[in-house]
Amino acid sequence: MPTTDRGAHTSSDGHAAEVRYLQPDWFTRNVFNRIVARSTRLGISLWGSRVLSVPGRVSGEIRSTPVNVLVVDGRRYLVSPRGETHWVLNVRAAGGCTLRVGRRIETVRLVELAVQDRPAVLRPYLQRWKWEVGQFFDGVGPDSRDDELLEIASNHPVFEIHVS
């Protein structure tokens, strides 16, 4: 799985952090994501899937990708298992996006969680989707200790979803 190093940046908690991005392979990008996105657009949500759409930070063109919405204690979250993806960078620039399932399109604002707050979301995320995304978490899983989750938390941006 190719890793793209995007250099260092300042994380949401003000600390310098290495930027990690795991590029999807051809099958994921051209087959799997397209099937999930098409199904979601038709109203078939696969395990909480939505199609996230956001203006590109450079082009301004609308970019779309399937994502998994996680609900924890009545609050909704998005996790980027592959790290600093294009959707993450675009959402940070735009401040919000739309989430779609079928004909229902919701305009939302995404608020990034500080690194120290991410393990509380990463654990239930891995409980639900480890079969799909576990390979991106460096051997850390839903049964890992809190300190192990915290150690990898800076590699996985987490956003709380707020209705605009």
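Just so it is clear, the model here is predicted, and its values are computed rather than measured.
Between Arg145 and Asp147 there is a salt bridge, with a side-chain nitrogen of the basic residue lying less than 4.0 Å from a carboxylate oxygen of the acidic one. Between Glu84 and Arg92, at least one side-chain nitrogen of the basic residue sits less than 4.0 Å from a carboxylate oxygen of the acidic one, meeting the salt-bridge criterion. Note on Arg20 versus Asp138: salt bridge recorded, some NZ/NE/NH1/NH2 to OD/OE distance being below 4.0 Å. At a threshold of 4.0 Å, the pair Asp146-Arg123 counts as salt-bridged, since one of the basic side-chain nitrogens sits closer than that to a carboxylate oxygen.
To the nearest 0.5 Å, atoms OG1 (Thr85) and CZ (Arg63) are separated by 13.5 Å. Residue His162 holds its NE2 atom at 10.0 Å from CZ of Arg76, rounded to the nearest 0.5 Å. The CZ atom of Arg118 sits 9.5 Å away from the NE2 atom of His156 when rounded to the nearest 0.5 Å. Taking OG1 of Thr98 as the reference point, atom CD1 of Ile62 lies at 7.0 Å (rounded to 0.5 Å).
Paired with Leu122 under the rule side-chain contact (heavy atoms from CB on, under 4.5 Å), one option of Leu150, Asp117, Leu113, Val158 passes, and it is Val158.
In the hydrophobic clustering of ILVMFWY residues, with side-chain heavy atoms under 4.5 Å counting as a link, Leu149 and Val72 come out together. Note on Leu70: it does not cluster hydrophobically with Val163, by side-chain heavy-atom contacts below 4.5 Å among ILVMFWY residues.
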- [ ] Could you give me the CA-CA distance, side-chain angles and deciding distance for Val121 and Val79, then say whether side chain to side chain contact (heavy atoms under 4.5 Å, CB included) is met?
- [x] CA-CA 8 Å; Val121 176; Val79 173; 3.9 Å; yes

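Through direct or relayed side-chain contacts under 4.5 Å between Ile, Leu, Val, Met, Phe, Trp and Tyr, Val111 connects to no other residue. Leu78 shares a hydrophobic cluster with Leu52, Val54, Val67, Val69, Trp87, Val88, Val91, Leu99, Val108, Leu110, Phe159, Ile161; the chain of contacts runs through ILVMFWY side chains whose heavy atoms sit under 4.5 Å apart.
For Ser144, the side-chain contact (heavy atoms from CB on, under 4.5 Å) test picks out Val140, Glu148, with sequence neighbours left out.
Legend: ring-ring contact (aromatic ring centres under 6.0 Å, His included) pairs involving residues 53-78, not counting sequence neighbours: none detected. Judged as a ring-ring contact (aromatic ring centres under 6.0 Å, His included), the pairs with a partner in residues 92-127 (not counting sequence neighbours) are, in order, Tyr125-Trp129. Among residue pairs with one or both ends in residues 96-121, none qualify as ring-ring contact (aromatic ring centres under 6.0 Å, His included); sequence neighbours excluded.
Nearest heavy atom pair, residue Ser164 against residue Arg109, reads OG-N, 3.4 Å. Across all their heavy atoms, Ser80 and Gly83 have their closest contact at OG-O, 2.5 Å. When all heavy atoms of Glu106 and Arg104 are compared, the pair lying nearest together is OE2-NH2, 3.9 Å.
At least one donor-acceptor pair under 3.5 Å links the side chain of Arg100 to the backbone N or O of Gly102.
Between Thr65 and His86 the shortest side-chain heavy-atom distance does not fall below 4.5 Å. Using a 4.5 Å heavy-atom threshold, the side chains of Ser53 and Val51 count as touching.
Heavy-atom contacts from other residues, nucleotides or ligands closer than 6.0 Å to CD of Gln127 number more than 12.
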